[in-house]
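Have a look at the structure below before the remarks.
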Amino acid sequence: MKIIKKLTATLGLTLILSTNTFAAQVQQPTISPWAVKIVNNAQMQGIVPISIEQQEKNFTVKLNKQDLDALNTATQQKLEQYKLKKNPKFKSENLKNDFTKEDVIINIYNIVGEYSDDLEKNAVEYFKEKKLLEGDGFELGLNQPATLEQAIALYTRAITDIVNDQNMGAKGVFYKTEANGNTVYMLGSIHVGDSTMYPIDSDIIDAYNSSDELFVEADITNAEKVLAAQSSLISKIPLNQKLSPELYSRFKAIMDKYKIPEENYKNLKVSAAYTNLSSIPMVTEMPLASAKGIDQYFLINSKLDNKKIGEIESIAFQLDMLDKFGDQKYVKLIEELIPQIEKDNAKKLVEQTKSMQKFWTEGNEREFSKIFNTSDEFTKHLVVDRDPKMADKIDEMLKSKDKKTYFVVVGSGHYTSEKSVINYLQEKGYKVENLTGK
């Protein structure tokens, strides 16, 4: 197991300090209110692409052959990643090829039915039994043309159902503790994700659904706070006066390579410049990674569910914490990172991130805990030093008189490192149940 010798800010914080370096303004899609959450889930799972074209798409239109074929292909690819055993006796049903809801159901059944042991039911009966449909055909309007969003809903529900049936949902690192009538579920996050991490295990989703409040490191969906954060990244002293001429020239060459205007970074603080630099391998090699982060997923769902969102820290706290590491130390980090990006776009960093995602998906807590080199000064500053106050915040929840259920999502390193939030809670006398992989 290769240890990440030095954690980057991109991996260590909820807040990705883009300061609009990579930002793009996009049009909002046309979509029915009921379908927003299900389409978001489909995008997280990789069933529906995340792209500017999709952001401008009208999901309320009638389903067409191109979109149906794309859903079939994406579903087949998604299920193949789980290497599930197929039933050789399964027989597909004849398609109607009329783009009705029933036709969509048959298309889906012909894919997911291959992994089912029940060969006694037809497509509609299969969907009813799985509670993916309710009522009879007339009430469901199965002979009516399906819209794109209706089709996406049916595909996503079917995929989630079969993944859950096979106990193949992403396991994460997951814990629970209780006191004074309060329950706290603690899910370790990876701030940069991919579609293999979705759907998430049903036990984790059930715990989230049962919670009264979501707590994250920082609420990056709060536009006002994010805007304030961006303004605080600006330095009175230009970056080219903080870095040596040679180092700034190499920094600028990398930014030029990825078509990032100098206007976007010339006045950044050194801490923000380093964070932007460290995000380049992720943005270029894994462009959807931050959009598919675990905290991002639960923040979006909480917004859609009207669930109260609290912060373990805050955007302002994280920015201040980054700043306190010191300009000279960041200059050294930039000096170390630039040659890696120049050589192969920091390929090792990307590979290590993919290993983290794999261990998280498998619920392989032991291997995940080996990844971080907590003796490294920046990793210690970025992860280890924050753990006591995180534990104190959870302690406050457990001592509350509100008798609530809380769902707390922070970086997995805060739960799995040698001296972690879990250890601090245990020292306070709390019994912490490890639910990882159960």
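For reference, positions follow the sequence shown, starting with 1. Everything numeric here is computed off the predicted structure, so don't read it as measured data.
Ion pair D320/K324 flagged as a salt bridge, since at least one NZ, NE, NH1 or NH2 atom sits closer than 4.0 Å to an Asp/Glu carboxylate oxygen. Of the charged side-chain nitrogens involved, none lies within less than 4.0 Å of a carboxylate oxygen, so that E351 and K354 do not count as a salt-bridged pair. A salt bridge is absent between D327 and K269; no separation between the charged side-chain nitrogens and carboxylate oxygens falls under 4.0 Å.
Here K257 pairs with nothing under the salt bridge (Lys or Arg N to Asp or Glu O under 4.0 Å) rule; sequence neighbours left out. In this structure, K308 has no side chain to side chain donor-acceptor pair (under 3.5 Å) partners at least two apart in sequence or on a different chain. With sequence neighbours left out, the ring-ring contact (aromatic ring centres under 6.0 Å, His included) criterion links F99 to no other residue. In this structure, K101 has no salt bridge (Lys or Arg N to Asp or Glu O under 4.0 Å) partners at least two apart in sequence or on a different chain. When the ring-ring contact (aromatic ring centres under 6.0 Å, His included) test is applied to F59, no partner is found at least two apart in sequence or on another chain. With sequence neighbours left out, F174 forms a ring-ring contact (aromatic ring centres under 6.0 Å, His included) with Y185. Partners of E213 under the side chain to side chain donor-acceptor pair (under 3.5 Å) rule, at least two apart in sequence or in another chain, are K404. Residues passing the salt bridge (Lys or Arg N to Asp or Glu O under 4.0 Å) test with K171 are D201, sequence neighbours excluded. Qualifying salt bridge (Lys or Arg N to Asp or Glu O under 4.0 Å) partners for E433, counting only residues two or more places apart in sequence or in other chains: none.
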Going through the checks in order, is the side-chain hydrogen bond (donor to acceptor under 3.5 Å, both in side chains) test met by N222 and E311?
CA-CA 11 Å; N222 188 313; E311 295 181 310; over 6 Å; no

Tell me, with the steps shown, if K332 and E377 meet salt bridge (charged side-chain N to carboxylate O under 4.0 Å, His left out).
CA-CA 12 Å; K332 186 177 180 181; E377 186 179 11; over 6 Å; no

Between K292 and D194, does the salt bridge (charged side-chain N to carboxylate O under 4.0 Å, His left out) criterion hold? Intermediate values first, please.
CA-CA 6 Å; K292 294 195 176 187; D194 72 4; over 6 Å; no

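Proximity of a side-chain donor or acceptor of S32 to a complementary backbone N or O of A35 within less than 3.5 Å is not detected. Remark: the backbone N or O of S412 is not paired with any side-chain donor or acceptor of S189 at under 3.5 angstrom.
Using modelled atom types and a 3.5 Å distance limit, the side chains of D387 and S420 yield no donor-acceptor pair. Checking Y430 against D395 by side-chain atom types alone, a donor-acceptor pair falls below 3.5 Å.
The aromatic ring centroids of F127 and Y109 lie 6.0 Å or more from each other. Aromatic ring centroids of Y115 and Y82 lie 6.0 Å or more apart.
In this pair, Y330 and F378 present their aromatic rings perpendicular. The plane angle is above 60°, beyond the 30 to 60° band. Ring orientation note: the planes of F298 and F407 are tilted relative to one another, at an angle of 30° to 60°.
The CD1 atom of I338 sits 11.0 Å away from the CG atom of L333 when rounded to the nearest 0.5 Å. Put simply, CG on L322 and NE2 on H381 are 6.5 Å apart, with the number rounded to the nearest 0.5 Å.
For the salt bridge (Lys or Arg N to Asp or Glu O under 4.0 Å) condition, the pairs that include at least one residue of residues 60-70, sequence neighbours left out, are K57-D67, K65-D69. Screening residues 245-255 for salt bridge (Lys or Arg N to Asp or Glu O under 4.0 Å), with sequence neighbours left out, gives E246-R250, R250-E342, K252-D256.
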Name the atoms and distances for all side-chain donor-acceptor pairs under 3.5 Å in residues 37-48, with sequence neighbours left out.
residue, atom, partner, partner atom, Å
K37, NZ, D305, OD1, 2.9
K37, NZ, D305, OD2, 3.0
N41, OD1, Y297, OH, 3.2
Q43, NE2, P49, O, 3.4
Q45, NE2, T160, OG1, 3.0

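Nearest heavy atom pair, residue D323 against residue S271, reads OD1-OG, 3.1 Å.
Around atom NZ of K347, no more than 12 heavy atoms belonging to other residues, nucleotides or ligands sit under 6.0 Å away. More than 12 heavy atoms of other shown residues, nucleotides or ligands fall within 6.0 angstrom of atom CD in Q241.
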